[in-house]
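All values below come from the heavy atoms of this structure, side chains included, with hydrogens, waters and symmetry mates left out. Convention: sequence-line order gives letters A, B, ...; per-chain numbering from 1. These figures come from a predicted structure and were not determined experimentally.
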There are 2 protein chains.
Amino acid sequence: MVTLNDVAKSANVSKMTVSRVINHPEQVTDELKQLVFKAMNELDYHPNLAAKALAANATRIIKLVILEKVDTVEPYYATLLMGVAQFLNAHQYALQVVTQKNADIGECDGYIITGARNDDFTWIQELRKPVILYGENRHHYDFVDSDNKYGTFLSTGAAIKDGYDQIIFLGIELKESFEYSRERGYMDTMQKSGLQPQIIRFGNHSSESQQYIEDHWHEFKPNTCFVCSSDRLAIGVERGIQRMGGSIPEDFGITGFDGVFLDQIAEPKLSTVKQPVMAMGSKIAELLMQKINHGVTTNDQSPERDRTEVMFSPELIRRNTTRNYHLN
Amino acid sequence: MVTLNDVAKSANVSKMTVSRVINHPEQVTDELKQLVFKAMNELDYHPNLAAKALAANATRIIKLVILEKVDTVEPYYATLLMGVAQFLNAHQYALQVVTQKNADIGECDGYIITGARNDDFTWIQELRKPVILYGENRHHYDFVDSDNKYGTFLSTGAAIKDGYDQIIFLGIELKESFEYSRERGYMDTMQKSGLQPQIIRFGNHSSESQQYIEDHWHEFKPNTCFVCSSDRLAIGVERGIQRMGGSIPEDFGITGFDGVFLDQIAEPKLSTVKQPVMAMGSKIAELLMQKINHGVTTNDQSPERDRTEVMFSPELIRRNTTRNYHLN
DNA sequence: TTGTATGCGTTATCAC
DNA sequence: GTGATAACGCATACAA
């Protein structure tokens, strides 16, 4: 293993100079810097993370806490995780995935928390390391999320332009910010166009939306579009329509929301509002690392503090469950 | 932060005694051990991993290398990853997920490698840390896998017992051990029952198997069961049969393979051979840690060496795409 | 069985 | 601008 000392000897400087070249290059003359860089390359030097962590009283470990009860098998979380892992790897941080609230086992330098409900914040408040949340929240914590309202603005708008004259929103029965935002995007867009909004809500299972379609089939006239709050619901709608013999996308349109895996599994493939989940994962990791490097140790979420909010714009993917897909 | 020293003072012993209580408890008298345990609890002592790693010249980082080109979004890998992560967390190891062969960036204590093809082994050979593979291999590397042959023995056998008189195997067009084993399990079971085997292979996409069913629909007489080598293929078959108006499971049976996410998404839900993917992930991590702790640094895969092979038995889940599902 | 000294690789602090 | 020294927390080697 090549150490700081080895490089120092090879470059004929002290090891502190080498350390400075890495951490505070502005304090070293260009001349020495060149020598050190040369030595580092020749010896293929890589800093020892454990030593670094020990000296800095850090762990170089980030915890990803998944609070939802949902199966961690969810492709959605897997994708997010990959995004986080990608950034962390590039910066030599290691990841620990935690699925319960037993996150207090072992130290870490920071937390990424996803799926936090209101009850969870009493626990989150007690964390003594930087925190970034995945998802909007009313507790003034830094977060990354996608612009949910804009997402349903896109899907609802497209349904209108495509000429569907009845546009029904199938939402998730959940008192969460993201769902409110998605419903608002639909409502606003409908009202601006002078159309009558109609919202029905279910648990987020394809069986429930499928059942609904079948039970209420007589109510739906051809030229109806179902704007869904998740791909899961959209898949159920698709099956229900197929079961009842409706034609997709001519008489009945469907748009989903999320764009992770499920949309591609459906047949015909779903038109959907795709969230850049992978990129969002990377961004969260990046923000957390900034916080860590700036020495933020307290989670000051007082209203006075500037809070970091990063919103990603989702994208409408036109595929085969809405008209005009050939225009894509 | 509570250190070894703090505990030592509190227990009125030297810090080495505390260290020994943790690492070599047999060398310490029960009397002192009790004192030390008490102090550790009272002070809520947790060892500093960075220091541990530094002293042991270790990193406490494990790399999970995913070599397949397949999307890491695959629920299959996500589940495996969760299994690995769970075990690692419990033992205070951190995980780095690596998706290319750029695994050489940064040090680690060991590798878990999944999806290794023959070409990959030249690279794997050069790794200077313990390695465990996910999946059978002919290179004498330690591995964990599920008993693929037994899996199709189960699904084929069930199809026979359920009374289907034509049983067709839909396989994946891939020269990999797992596929050979699955086909062999089917072949052997068919031959033992004096039935005529028939194997067709596709790329692992539901669209291909669906297309096949629709194109060859006239060839399939009622009372046929399709034994598939993946849930993906099974879903395509299901759609094809539904499209052509066949009745499931009365006239046409389907069994999948994998049992991760997709089987539940299908409607009707798939009968499938479920692999205990999560448990397999944990087991891999466990084996790797054993290797690390026993100071195995070389990857001796000479035939003389005992190699560790752990095979998990898959389980037949009877759901709604085969008969007699009420017997489950 | 228990304690002391030393070193792991890095960085902060303080001299020069 | 550069170098010597101590310290981070733990574990090995050796001494008692």
Side-chain angles (χ1 to χ4, degrees), chain A residues 1-37 39-40 43-61 91-94 106-109 292-293 295 297, chain B residues 1-37 39-40 43-61 91-93 106-109 292-295 297:
Chain A
M1 156 171 275
V2 182
T3 75
L4 218 50
N5 234 326
D6 301 329
V7 177
K9 277 182 209 159
S10 166
N12 269 319
V13 296
S14 78
K15 58 180 187 175
M16 267 322 296
T17 303
V18 181
S19 173
R20 268 193 276 260
V21 168
I22 296 168
N23 301 300
H24 309 285
E26 73 283 358
Q27 302 179 5
V28 183
T29 54
D30 287 350
E31 199 177 7
L32 282 190
K33 249 186 290 198
Q34 295 313 321
L35 281 173
V36 171
F37 279 133
M40 290 202 305
L43 275 55
D44 191 30
Y45 167 76
H46 289 286
N48 181 312
L49 295 182
K52 231 176 165 134
L54 180 59
N57 196 9
T59 64
R60 300 199 75 83
I61 291 174
H91 293 76
Q92 298 289 304
Y93 268 75
E107 313 270 338
C108 70
D109 293 345
I292 291 170
N293 292 332
T297 51
Chain B
M1 158 171 274
V2 182
T3 75
L4 219 48
N5 235 327
D6 300 330
V7 178
K9 277 182 208 159
S10 166
N12 270 318
V13 295
S14 79
K15 59 179 187 176
M16 267 323 296
T17 303
V18 181
S19 173
R20 268 191 278 261
V21 168
I22 295 169
N23 300 300
H24 310 283
E26 74 283 359
Q27 301 178 5
V28 183
T29 54
D30 287 351
E31 200 178 7
L32 281 190
K33 247 186 290 197
Q34 296 313 321
L35 282 174
V36 171
F37 279 133
M40 291 201 306
L43 276 56
D44 191 30
Y45 168 75
H46 290 285
N48 181 312
L49 295 180
K52 228 174 167 137
L54 180 59
N57 196 10
T59 65
R60 296 199 78 83
I61 291 174
H91 293 76
Q92 297 290 304
Y93 268 74
E107 312 269 340
C108 69
D109 293 345
I292 291 170
N293 291 334
H294 286 142
T297 52

task = Using a cut-off of strictly less than 4.0 Å between a heavy atom of the residue and any atom of DNA chain D, enumerate the qualifying residues of residues 51-60 of chain B by number.
result = B/Ala51, B/Lys52, B/Ala55

All N/O donor-acceptor pairs, side-chain side in residues 2-15 of chain A, below 3.5 Å, sequence neighbours left out:
residue: A/Thr3; atom: OG1; partner: A/Asn5; partner atom: N; Å: 3.1
residue: A/Thr3; atom: OG1; partner: A/Asp6; partner atom: N; Å: 3.4
residue: A/Asp6; atom: OD2; partner: A/Thr3; partner atom: N; Å: 2.8
residue: A/Ser14; atom: OG; partner: A/Met16; partner atom: N; Å: 3.3
residue: A/Ser14; atom: OG; partner: A/Thr17; partner atom: N; Å: 3.4
residue: A/Ser14; atom: OG; partner: A/Thr17; partner atom: OG1; Å: 3.4

query = For A/Gln34, what residues pass the side chain to side chain contact (heavy atoms under 4.5 Å, CB included) criterion, not counting sequence neighbours?
reply = none

request  = Any side-chain hydrogen bond (donor to acceptor under 3.5 Å, both in side chains) involving residues 47-61 of chain B? Give me the pairs, sequence neighbours left out, ordered by first then second residue.
outcome  = B/Thr59-B/Asp109

key: Value rounded to 0.5 Å, distance of CG in B/Leu32 from CZ in B/Phe37   = 11.5 Å

inquiry  = With salt bridge (Lys or Arg N to Asp or Glu O under 4.0 Å) as the rule and sequence neighbours excluded, what pairs involving residues 23-32 of chain A come up?
reply    = A/Asp30-A/Lys33

ask   = Does anything in residues 12-25 of chain B reach DNA chain D, meaning a heavy atom under 4.0 Å, and if so which residues?
value = B/Lys15, B/Met16, B/Ser19, B/Asn23, B/His24

ask   = Going 5' to 3' along DNA chain C, which nucleotides are the first and last within contact of chain B (any atom under 4.0 Å from a heavy atom)?
value = C/dT1 to C/dG9

Helical bend (five base pairs per end, nearest 10°) for the helix from C/dT1-D/dA16 to C/dC16-D/dG1 = 40°

request  = Measure across A/Asn293 and A/Tyr93 and return the closest heavy-atom pair with its distance rounded to 0.1 Å.
outcome  = OD1-OH, 4.3 Å

key: Residues which pass salt bridge (charged side-chain N to carboxylate O under 4.0 Å, His left out) with A/Asp44, listed by chain and number, not counting sequence neighbours   = none

key: Nucleotide interval of DNA chain D bounded by contacts with chain A (heavy-atom cut-off, under 4.0 Å)   = D/dG1 to D/dG9

query = About how many Å separate NE2 of A/His46 and CD of A/Gln92, when rounded to the nearest 0.5 Å?
reply = 8.5 Å

